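Below: the structure, in structure tokens.
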Amino acid sequence: MPESVRVRFAPSPTGHLHIGGARTAIYNWAFARRHGGAFVLRIDDTDPERSTDENVRAILSSLRWLGLDWDEGPEAGGDHGPYFQTERADSYRDALARLKASDAVYPCFCAPEELAAKREEARAGGGFAGYGRTCRRLDPAVASDRVAAGEPHAWRLRVPDDRGDIVFADAVRGESVFRAEVMDDFVIARSDGTPTYNFATVVDDIGMEITHVIRGDDHLSNTPRQILVFEALDAQVPVFAHLSMIWGPDGKRLSKRHGATSVEAYRELGYLPEALVNYLALLGWSLDDKTTVIDRETLAAAFSLERVSKNPAIFDAEKLDWLNGVYLRELPPAAYVDRMLPWLVDAGLLTAEEGAARREWLSELAPLVAERAKRLDEIVPMVAFLFDEEVTIDAGSRSKALEKEGVSKALDAAASVLGDIGEFTPAAIEEALRSVPEAVGVKPKLVFQGVRVAVSGSTVSPPLFESLALLGKERSIARILAARRTLQG
RNA sequence: GGCCCGUUGGUCUAGCGGUGAGGACGCCGCCCUCUCAAGGCGGAAAUCACGGGUUCGAAUCCCGUACGGGCUACCA
């Protein structure tokens, strides 16, 4: 049996969790779950300028919200810590020492500005613009003297002369080949002693015993370099799987210009985490030829890298909306109330205490809006009339539904029949109101729309009879009469 | 410039040598109906980027071209 699967998600806390990062996390999580392996969370916080604790907290919170539980990492612990790169300096130092001992690296004294100039020149001339290996040709004794003398130097990996092309089987893209001659001796440790990304990542992946590296394909070109580091460190090279990018509607890399890009932003827009996970999972992966609604459990049971597509995907907010609606409609009333209540409270429709006290009433309201709202934020305007003291009727609705022949009569009659009802249930209300059209000689639609506008303030509302029942007998009748009073005749 | 990657309806995708190129979102129409939704039914929408091969047969295999993208740092 193969060793157990270990994957990692390694965000850099230079911002909140991005949609693209979230998808990478989802795939890693699903892959680990599918194989009964470990999902490790590591924080790549080596950029002190841009990394913040606030961002770390936000990322953890977004991952939790998405339901992506990690087995090892911040706040979870584990045998392979620490899980912050800034706390792993010792292991980078040890790894570098080993490479020095095995002569796999050499010091480079070239000035960065000088190298940049040469690079420009080479590029303009049209050719290989990598490091010219100047310091590799230095006499080892001379080089170590200069190091001993304290001359500033970086450490470069000595690409073995006999290393042929670097070939690896990417789990989503298939066999990938990088020519040996374009591999320059890249820097693994800066002159200030800190490790570069390509070095730190590999040392961590070795230390954390990562078996599969699933990440964005912006790292594809880094892979051969990293493979050389694995080899220099005499470690087992993991399986790589590179995911294509997520684009905005214009085919450009998804960015602020396209609107919401962070998981947090989608949460605030009224999306359900299960819908976002489902949508993102489908953006580059498919279960089969027809399934689009896939819950987290199914994903965890069926995810496979073989079915990840190679081409970049454009983020389609409309499909996300639709999926969100699907999940919203699937919620049982009690769960729906849990999701909806914070939005109602935020909108000032009621307090959290009132919400708790009126759970039963809210559970009756839930199914009425459940099939109408695609996002949680859409619920607020839909139900506000049930909470407001009185309704304001806009001019359009007024002229469309109230200022019509016979409506004043219909409202009088409606108020009257509703007043006669004993138990104010939807069924009783329906029975009463259905008698009105014939009684006053007005078309049913006109009667119902008149009552709807009188009570809700709009020609569009949740189902009428249920709405009236939720509003209550007194308030329903009061609103009908109030509207009636504004009409002639 | 160099290296690498990608290309199936507007969008996400299925397809892995022989299909009427399947599904989903969106769009249009009809039905249901107290409005709006939801739901049901039906429809329009793909010269499978283009050009060459290989093959009896190619969206599927090979080679070019075009377009798009990534990397090319002592950033991650």
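Keep in mind that what you see is a predicted model, and the values were worked out from it rather than measured. Just so we're on the same page: letters track the sequence lines, and every chain starts at 1.
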When the distance from [atom1] of [X] to [atom2] of [N] is rounded to whole Å, what number comes out?
X        : N      : atom1 : atom2 : answer
A/Arg307 : B/rC12 : CZ    : C1'   : 14 Å
A/Asn55  : B/rA76 : CG    : C1'   : 14 Å
A/Glu121 : B/rG1  : CD    : C1'   : 14 Å
A/Asp288 : B/rA24 : CG    : C1'   : 11 Å
A/Leu276 : B/rC25 : CG    : P     : 18 Å
A/Arg23  : B/rC12 : CZ    : P     : 12 Å
A/Asp217 : B/rC4  : CG    : P     : 15 Å
A/Arg50  : B/rA76 : CZ    : P     : 9 Å

Which one, [options], comes nearest to the side chain of [X]?
X        : options                : answer
A/Arg452 : B/rC74, B/rU35, B/rG70 : B/rU35
A/Lys445 : B/rC12, B/rU35, B/rG6  : B/rU35
A/Trp322 : B/rC25, B/rC71, B/rC3  : B/rC25
A/Asp218 : B/rU8, B/rC34, B/rC71  : B/rC71
A/Gln449 : B/rA76, B/rC3, B/rC34  : B/rC34
A/Ser309 : B/rG6, B/rA76, B/rU13  : B/rU13
A/Lys290 : B/rU35, B/rG23, B/rU13 : B/rG23
A/Arg372 : B/rC25, B/rU35, B/rC34 : B/rU35
A/Thr196 : B/rA14, B/rA76, B/rC12 : B/rA76
A/Glu318 : B/rC25, B/rC34, B/rA76 : B/rC25

Parallel, tilted or perpendicular for [X] and [Y], by the 30°/60° rule?
X        : Y        : answer
A/Phe303 : A/Trp285 : tilted
A/Phe315 : A/Tyr279 : perpendicular
A/Phe240 : A/Phe168 : perpendicular

When you measure only distances, ignoring hydrogens and angles, does the side chain of [X] come within 3.5 Å of the base of [N] through a donor and an acceptor?
X        : N      : result
A/Arg173 : B/rC5  : no
A/Arg179 : B/rC3  : no
A/Ser221 : B/rG70 : yes

Looking across every strand, which nucleic acid part, if any, lies under 4.0 Å from [X] by heavy atom: base, sugar-phosphate, or nothing?
X        : answer
A/Ser12  : sugar-phosphate
A/Pro463 : base
A/Tyr197 : base
A/Val451 : nothing
A/Thr201 : nothing
A/Lys252 : sugar-phosphate
A/Pro249 : nothing
A/Leu464 : base
A/Phe465 : base
A/His242 : nothing
A/Trp285 : nothing
A/Asn222 : base
A/Pro112 : base
A/Gly325 : nothing

Fill in: Salt bridge present between A/Arg133 and A/Asp185 (N-O < 4.0 angstrom)
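Result for this pair is yes, salt bridge flagged.
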Worksheet item: Under a 4.0 Å N-O cut-off, is there an ion pair linking A/Asp161 with A/Arg136?
Response: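 The answer is yes: the pair qualifies as a salt bridge.
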Item to complete: Using the closest heavy atom to pick a nucleotide of RNA chain B for each, name whichever of A/His153 or A/Lys310 lands nearer the 5' end.
Response: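 Per heavy-atom nearest nucleotide, the more 5' residue is A/Lys310.
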Worksheet item: Mapping A/Ser286 and A/Gly251 onto RNA chain B by nearest heavy atom, which one lands closer to the 5' end?
Response: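 Going by which nucleotide is closer to the 5' end, it is A/Ser286.
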For a quick test of reading the model: is some side-chain N or O of [X] closer than 4.0 Å to OP1 or OP2 of [N]?
X        : N      : result
A/Arg119 : B/rU72 : no
A/Thr46  : B/rA76 : yes
A/Lys319 : B/rG26 : no
A/Asn311 : B/rG69 : no
A/Arg253 : B/rG69 : no
A/Arg215 : B/rA76 : no

Practice prompt. Might you work through the ring-ring contact (aromatic ring centres under 6.0 Å, His included) test for A/His212 and A/Tyr27, ending with a clear yes or no?
Written response: CA-CA 11 Å; A/His212 300 254; A/Tyr27 286 12; over 10 Å; no
Worksheet item: So among A/Asp204, A/Asp94, A/Asp45, which one has a salt bridge (Lys or Arg N to Asp or Glu O under 4.0 Å) with A/Arg88?
Response: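 Only one option passes, and that is A/Asp204.
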Worksheet item: Given that both distances must come in under 3.5 Å, which nucleotide forms a Watson-Crick or G-U wobble pair with B/rA14?
Response: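 Matched B/rA14 with nothing under the 3.5 Å cut-off.
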Fill in: For B/rG42, the Watson-Crick or wobble partner whose two distances fall under 3.5 Å
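B/rG42 is paired with B/rC28.
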Fill in: C1' atoms of B/rC61 and B/rC71, separation to the nearest Å
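These two C1' atoms come out 29 Å apart once rounded.
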Worksheet item: Rounding to the closest angstrom, what is the interatomic distance between B/rG68 and B/rC25 at atom C1'?
Response: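 Taking atom C1' in both B/rG68 and B/rC25, they lie 24 Å apart.
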Practice prompt. Look at the side chain of A/Ser456 and the backbone N and O of A/Arg452, then say whether any donor-acceptor pair between them is shorter than 3.5 Å.
Written response: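 Yes, because the side chain of A/Ser456 sits within donor-acceptor range (under 3.5 Å) of the backbone of A/Arg452.
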Discussion item. Centroid separation under 6.0 Å, is that true for the rings of A/Tyr327 and A/Tyr271?
Written reply: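 For A/Tyr271 and A/Tyr327, the ring centres are not under 6.0 Å apart.
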